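Okay, structure first, notes after.
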Amino acid sequence: MALSRARNNGEASSSPKPNPHTDLDSGMNGKDNSRQPSDRGLHRLGTLLHPVRGSLTLVGLINVVSALIALVPYVTVAIFIQRMLRSSLNIDFTVVAVSCIVAALVLRQLLYMGSLGYAHIVDARLRLSVRRRILDHMGRLPLGSIVSRNSGELRHLIVDDTAAIHTIVAHVVVEGSSAVTGIAASIVILFVASWQLALGYALLFALVAAIARILASGTDADAREKYAKAQSQLAGDAVELTEGIAELKSYGMTGGFMERFHRSLSEFSRASYQGTVAVARPMSFITTFVMPGILLGPMLLLCWFSQTMQWSSMFGIVLFLFVGLGVPQTFFGSLSLIQNIQLGLAAAGRIGAFLDEPELREPLHPKVFTREDAQTDIAFDHVSFGYDDGHEVLHDVSMRIPAGSSVALVGPSGSGKTTITRLLARFWEVNDGHIRIGSRDVTTISSAELLSHIGFVFQDMMLASVSVRDNIRFARPTASDDEVIEAAKMAHIHECIMALPHGYDTIVNSAEAQLSGGERQRLSIARVFLQDAPILIMDEPTAFLDAENEGILDAAFERFSHGRTTVTVAHRLATITHSDKIVVLHDGRISQQGTHQTLVAQDGEYRSLWNAQTVKEMQ
Ligand SMILES: Nc1ncnc2c1ncn2[C@@H]1O[C@H](COP(=O)(O)OP(=O)(O)OP(=O)(O)O)[C@@H](O)[C@H]1O
């Protein structure tokens, strides 16, 4: 049911292990696949930004200079006031001061805009190259790693995560270097102006921080954690509700589930309120205190005290007032950068983890694998495999599939039937053992060539949002229109296609072509007929079809399978009794092999399954 699927989507491990076949290593692309993905976002961000580190350093340096220049007007005004107090002000100095201020502001703005523009250019280039790397890597990952993810996860990686990196490159570096320099230079100026005043100023902020801490202590210390938990619970329930609404409605279960959803919603609102209070109380105190109008009060008191104690000169006091009022604004203005840095680190972590996934090792100089090569016996020799480290799902599987014969894989759910078919097509690399087609180990065949000789019929074949014609033609791009139509007729879908608003040119998945499950399945079957591959892998090929179409397509498949090597994953044993060989799997091991007649004659798992199914069908 979709309820559980919603949670599982994309969570499945997608990291196949490197193939331990050392004899092939010299012929492979030599990429070091041994590195395990880790969540060190900082390290991964550094790696992603490595190609543009020179440009980013330049941007940073320009902004250091620009931030220093931004202090010129403050210092100039302080000197201006000092002269005024000493009665040494004249027109010449006033003109120089005004010119300095204007020149500094213009220069600062030019440097800032120039570096911002340059950072955007660097960022655009970087994002293009990161997106290319993601797409290239996606193309080189084992097919299994791609199909076990949901499309949303990959879209998030390419669109949202690369956008988070944009914020770091184009904004955080520019604004961050400017803010850090501004604050550091201001602190130096404060100490130069009067170290006593600077110390008093620091004590003032220590007092503010202590009061903020007291205000925060009355609130729930775990509020943020509770908020994050409630948010994730609500998101999970929302996905379950939307994905499973059809099933829930059909079983009349919406009431109970809605109640649970409302509970999550209330819990989220409560946690959100508590989270807001926990942050808002201390933050509103701090932000109010640092407003220039309010901060001025305690600063003037400090100035008065300093003058009384004869700690500072008039110039020092003026400089202190000018610079001291601006520091908190710069500091709080740059706080949002911290959140952007956190988002960027998380995004870089995800991108890096994806790019670290081991690629499918393609042979460097693969020998051509022809149709004739594919029309040979298939052998599994002591094959073991696990999707995750330490969890093997196939153990020492050995079997022969003679060329042109039909083999059915049967066994309880989770016994490894589908996994065997995916390994044959190299969706994943085996951990141990070999899979051969004729004399060729599948790892020595280029994956594109291997896949071109294997036709798949699954229950849930993907249809792209392109025309019906192109969807069928995917299997053989060089096929003529007549060949496409011929395949559609064989799959008993031609009439349905002709009834669509634009026939074969109708776009699949559009509002005008909402195909039923059975129609989608027949369309994907037409694709396989057109591909005309010598090896066929079928997993419940007629599961969605009504009785009439199932009968017609079973007959079409029987004709089509003739002379091809077929591997069928079967759940209903009645459909595979005619197979040349039936392989029974149990917990990832072969427990029996033979024809239907020999297996029903034996006292074993097959006979139990057969008896259970025939009794069920008779009822
Ligand atoms: N992408 C995946 N990642 C991790 N584990 C997986 C993945 N696909 C399958 N498995 C696990 O591998 C084992 C074998 O699964 P497989 O799908 O091959 O069994 P099956 O016999 O085809 O089952 P069914 O009849 O239900 O389709 C199961 O324990 C399953 O949970």
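Only a predicted model underlies this, so the values are computations on that prediction, with no experimental measurement involved.
In summary, the side chains of T162 and R127 do not present any donor paired with an acceptor at a separation below 3.5 Å, with no hydrogens or angles considered. Side chains of S115 and N63: a donor on one and an acceptor on the other come within 3.5 Å. Inspection of the H137 and R140 side chains reveals no N or O donor paired with an N or O acceptor under 3.5 Å. Using modelled atom types and a 3.5 Å distance limit, the side chains of R426 and S447 yield no donor-acceptor pair. Y118 and S55 share a side-chain donor-acceptor pair at under 3.5 Å.
Looking only at side-chain heavy atoms (C-beta outward), I420 and L424 stay at 4.5 Å or farther from each other. Within the 4.5 Å cutoff, side-chain heavy atoms of L135 are placed close to those of I158. The shortest side-chain heavy-atom distance between L321 and L300 falls under the 4.5 Å cut-off. Contact annotation: the side chain of V393 never approaches that of D587 to less than 4.5 Å [non-hydrogen atoms, C-beta and beyond]. The side-chain heavy atoms of H171 and H120, taken from C-beta on, include a pair separated by under 4.5 Å. Contact annotation: the side chain of I286 approaches that of V208 to within less than 4.5 Å [non-hydrogen atoms, C-beta and beyond]. With a 4.5 Å cut-off on side-chain heavy atoms, Y74 and S186 do not count as touching. Using a 4.5 Å cut-off on side-chain heavy atoms (C-beta onward), S384 and V430 make no contact.
In this structure, the separation between CD1 on I507 and CG on N471 is 9.0 Å, given to the nearest 0.5 Å. To the nearest 0.5 Å, atom CZ of residue R131 and atom CD1 of residue I134 are 8.0 Å apart. Rounding to the nearest 0.5 angstrom, the gap separating the CD1 atom in I351 from the NE2 atom in H156 is 10.0 Å. To the nearest 0.5 Å, atoms CD1 (I168) and CG (N340) are separated by 7.5 Å. Between L48 atom CG and H43 atom NE2 the span is 9.5 Å, to the nearest 0.5 Å. Between T287 atom OG1 and Q329 atom CD the span is 10.0 Å, to the nearest 0.5 Å.
What you find for G182 and A67 is that their closest heavy atoms are N-CB, 4.0 Å. In terms of heavy atoms, V174 sits closest to A119 at CG2-CB, 3.8 Å. Between G324 and L190, the shortest heavy-atom contact is N-CD2, 3.8 Å. The shortest heavy-atom contact between T421 and L409 is CG2-CD1, 3.9 Å. Residues L585 and S415 share a closest heavy-atom pair of O-CB, 3.6 Å. Here the closest non-hydrogen pair linking L68 and A185 is CD2-CB, 3.8 Å.
F205 is linked by a ring pair (Phe, Tyr, Trp, His ring centres under 6.0 Å) to Y201, counting only residues two or more places apart in sequence or in another chain. Taking the side chain to side chain donor-acceptor pair (under 3.5 Å) definition, one finds that S465 meets it with N509, sequence neighbours left out. In this view, E267 and R270 satisfy the salt bridge (charged side-chain N to carboxylate O under 4.0 Å, His left out) rule, not counting sequence neighbours.
The backbone N or O of A170 sits nowhere less than 3.5 Å from a side-chain atom of D123 that would complete a donor-acceptor pair. Checking side-chain atoms of S177 against main-chain N and O of V173 turns up a donor-acceptor pair under 3.5 Å. A donor-acceptor pair under 3.5 Å is absent between the side-chain atoms of R422 and the main chain of G144, judged by distance alone. Checking side-chain atoms of R125 against main-chain N and O of V122 turns up no donor-acceptor pair under 3.5 Å.
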Given side chain to side chain contact (heavy atoms under 4.5 Å, CB included), test T167 with L343 step by step and report yes or no. CA-CA 9 Å; T167 317; L343 291 175; over 6 Å; no

Go through the steps for L451 and F456 under the test side chain to side chain contact (heavy atoms under 4.5 Å, CB included), then give the verdict. CA-CA 9 Å; L451 288 169; F456 292 98; 3.9 Å; yes

If you apply the rule side chain to side chain contact (heavy atoms under 4.5 Å, CB included), what do you find for V180 with V64, and how did you get there? CA-CA 8 Å; V180 169; V64 168; over 6 Å; no

Kindly determine whether L71 and I189 satisfy side chain to side chain contact (heavy atoms under 4.5 Å, CB included), including the steps that lead there. CA-CA 10 Å; L71 293 171; I189 292 174; 3.9 Å; yes

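The neighbour count for F289 CZ, taken as heavy atoms of other residues, nucleotides or ligands under 6.0 Å away, is above 12.
H586 has its ring centre no less than 6.0 Å from the ring centre of H395.
K417 has no carboxylate O lying under 4.0 Å from a charged side-chain N of D539, or vice versa, which leaves the two without a salt bridge.
Cation-pi geometry between R350 and F354 is not satisfied (NZ or CZ under 6.0 Å from the ring centre, within 45° of the ring normal).
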